[in-house]
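Dumping the structure here so I can ask a few things about it.
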Amino acid sequence: MLCFRDWFGDASLYVLDVPLACCALESQTAAEGRPVAQPPADEKLAVVLSGTLTRAVAPAVKELLHGLPTRPVVLAFGACTATGGPYWDSYAAVHGAAELGVAVDHYIAGCPPPPGALTRALEEVRRG
Ligand code: SF4
C-alpha cells in the first residue's frame with residue numbers, strides 16, 4: 001500500500017515512495033518518519049520512484065503523479081527508473097521515468113543504490 005511519510009518528523013518534507021521492483025527493498029529500508037494518510041496542502045512533497053517501470057504499470061504511475069495536489073520533487077531511485085537499467089532493451093520496460101514525460105529532479109545511481117543515498121538526496125531536497 002502506498003503511504004506518505006513525514007520523513008524527518010518535522011513536516012519539512014512529505015515523501016511518497018512508489019515501490020516498483022527490487023530497488024524498493026533499499027528505499028523502504030531507508031524509510032523514516034511517521035506514515036500519514038495525506039500530507040497537508042502546500043507542504044513540500046517528494047515522490048521516489050523505486051524500481052523497474054514496466055509499460056504495464058507506467059500509466060498508473062503517470063496518473064498517480066498527475067493526481068497529486070502539488071507538483072512533487074521527483075527522484076528516480078536506481079538505474080531502472082533512470083534509463084531502464086538492465087532491462088534497457090526489453091520491450092516491456094520503459095527506458096526511464098523521463099520517457100513518461102515525468103520531470104525527474106534527482107537521479108540516484110545504482111543497481112540498486114544503497115539506502116543512505118536516498119537519505120542524502122532527501123536531505124538535499126529538504127534544504128533546497
Ligand atoms: S536498478 Fe537494479 S536493483 Fe533497481 S529495480 Fe532495476 S534491476 Fe532492480
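In this chain, numbering begins with 1 at the start of the sequence shown. Both ligands and their constituent atoms are indexed starting at 1 by order of listing. Quick note: numbers below take in every heavy atom, side chains included, and nothing from hydrogens, waters or symmetry partners.
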Taking A93's backbone N and O only, do any of them form a donor-acceptor pair with R55's side chain (distance below 3.5 Å, no angle check)? yes
Do V36 and W7 belong to the same hydrophobic cluster, where Ile, Leu, Val, Met, Phe, Trp and Tyr are linked whenever their side-chain heavy atoms lie under 4.5 Å apart, directly or via other members? no
Side chain to side chain contact (heavy atoms under 4.5 Å, CB included), paired with V47, selected from L75, L65, V102: L65
Only counting residues at least two apart or in another chain, list the ones meeting side chain to side chain donor-acceptor pair (under 3.5 Å) with H95. E99
Identify which protein N/O/S atoms are less than 2.8 Å from atom 8 (Fe) of ligand 1. C22 SG
Any residue meeting side chain to side chain donor-acceptor pair (under 3.5 Å) with D10, in chain and number order, not counting sequence neighbours: S12, R126
In a table with atom names and distances, give each donor-acceptor pair under 3.5 Å that connects a side chain of residues 13-27 to protein atoms at least two apart or in another chain.
| residue | atom | partner | partner atom | Å |
| --- | --- | --- | --- | --- |
| D17 | OD1 | S27 | OG | 3.4 |
| D17 | OD1 | S50 | OG | 2.7 |
| D17 | OD2 | S27 | OG | 2.8 |
| D17 | OD2 | Q28 | NE2 | 3.0 |
| S27 | OG | A24 | O | 3.2 |
| S27 | OG | S50 | OG | 3.0 |

